[in-house]
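One-based numbering, in listed order, for ligands and for the atoms of each.
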Amino acid sequence: MQTVKVDLADRSYPVYIGSDLLGKPNAVFDMCNSGTILIVSNETVAPLYLDTLAASLTGADVHKLVLPDGENYKTSEYWSRIIDKLVEIRATRDATIFTLGGGVIGDLGGFAAASYMRGVTFVQVPTTLLSQVDASVGGKTGFNHPKGKNLIGAFHQPAAVLVDIDTLGTLPGREFSAGLAEVVKIAAIRDAVFLSWLEANSPEIMAREPVAITSMVRRSIVNKAEVVAEDERESGVRALLNFGHTFAHALETLTHYRKYLHGEAVAIGMMVAAELSESRSLCEPGFCERLGKLLQSFDLPLCIPDSIEANDILETMKLDKKVIAGSVRLILVKSAGQGIIDSSSDKLQITAAINANKAIC
Ligand SMILES: NC(=O)c1ccc[n+]([C@@H]2O[C@H](COP(=O)([O-])OP(=O)(O)OC[C@H]3O[C@@H](n4cnc5c(N)ncnc54)[C@H](O)[C@@H]3O)[C@@H](O)[C@H]2O)c1
Ligand SMILES: [Zn+2]
């Protein structure tokens, strides 16, 4: 087992990474303040892993709550279900919530932990690649409002994160690839050596070879933990993690969250941002092609479909919460492994980058 520390003064916590961790989370159990634990999971993940996790929490008073599966259930109604369950089991301030599942369960259960009795301890047990490398580290919790994604939320850091890479064995291929988009993202904005490593190890990664997967997950988490430690509340450098995301959010909105998984939209968004970086001569020629090859080797899409006009994307981006005072703030790349926050791209340049992206497919 490997441990990465997220360094946040009195809110610091360990991320444990390895195989067969669900069967023995004793180090994590030591952190629980009382014997009362609520494991929150969903209908897909619970049959696979809930009993193993529950059985390893020996000596605790373990309760379980299984919610329906899907982003559609990341709502106030299902947040309420968790709170109702905590009330029903008479959980006090020193209870601990374990979130067992992907980013949806982590965000929703994390927000229940942030809000119940003004905050109880929680432990993230992420089971998708995306939640292992991204969502479970950093303390962003919350749920969706009918008018917008993640509109309600809070920063609430977990007490620990338990990343059992064995759980990836049951993850569908499309979900695995979607998680790889966030891995590429973190490498592209801050870790050139990691980016080259991903290129060299792409076949082992796609074969889900445990040694390669452990290294990849660990390096992604180290990078994310460093960013979070530097800027916990996203007032500066944490915004770099939005590389590809402004375009991705526009694509997700325009396709009603049905055509693309989030990571797939991020892959396309990164390609547009790379195109823009290159056409504005901010980064070296060839970066976009290099990024495309890597994303393609991870079975990710690269291009905005023909049916979506550049103007629709621009209009939708204006509604994105990352747009500051009328100018579009984008994350671009200065060189492979070095992202920058930039608000100086004009409408014509962005339109040209979108059209150039559409032309490569
Ligand atoms: N808090 C953050 O910083 C942050 C960052 C990125 C994304 N998010 C949020 O995360 C969510 C997306 O997370 P996600 O991609 O993990 O989606 P998800 O939680 O919906 O999981 C994807 C699918 O995989 C299934 N699944 C999970 N683990 C499995 C396993 N081991 N085997 C088989 N199936 C499994 C799930 O049941 C689901 O059907 C979004 O709501 C997004 O807003 C949060
Ligand atoms: Zn993302």
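- Listed by chain and number, the residues in a side-chain hydrogen bond (donor to acceptor under 3.5 Å, both in side chains) with Arg238 amount to none (sequence neighbours excluded).
- Side-chain polar atoms of Arg218 and Gln2 form a donor-acceptor pair below 3.5 angstrom.
- For Lys334, the NZ atom sits in a loose shell: 12 or fewer heavy atoms of surrounding residues, nucleotides or ligands are nearer than 6.0 Å.
- In Glu199, the CD atom is crowded: over 12 heavy atoms of neighbouring residues, nucleotides or ligands sit closer than 6.0 Å.
- Sorted by chain and number, the residues within 4.0 Å of ligand 1 by heavy atom are Asn42, Thr44, Val45, Leu48, Tyr49, Asp69, Glu71, Lys74, Gly102, Gly103, Val104, Asp107, Thr127, Thr128, Leu130, Asp134, Ala135, Lys140, Lys149, Asn150, Thr167, Thr170, Leu171, Pro172, Glu175, Lys224.
- Ile105 places none of its side-chain heavy atoms less than 4.5 Å from the side chain of Val45.
- Within the structure, every pair that satisfies the disulfide (SG to SG under 2.5 Å) test and touches residues 327-361, not counting sequence neighbours, is listed here: Cys303-Cys361.
- Taking distances strictly below 2.8 Å, the protein N/O/S atoms close to the Zn ion (ligand 2) are Glu182 OE2, His245 NE2, His262 NE2.
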Under the criterion ring-ring contact (aromatic ring centres under 6.0 Å, His included), I'd like the reasoning laid out for Tyr78 against Phe143: C-alpha separation, chi angles, the key distance, then a yes or no. CA-CA 9 Å; Tyr78 289 88; Phe143 55 76; over 10 Å; no
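- Side-chain contact between Phe176 and Ile213: present, with at least one pair of heavy atoms (C-beta onward) separated by less than 4.5 Å.
- For Trp197 and Ser215, the side-chain atoms include no donor-acceptor pair closer than 3.5 Å.
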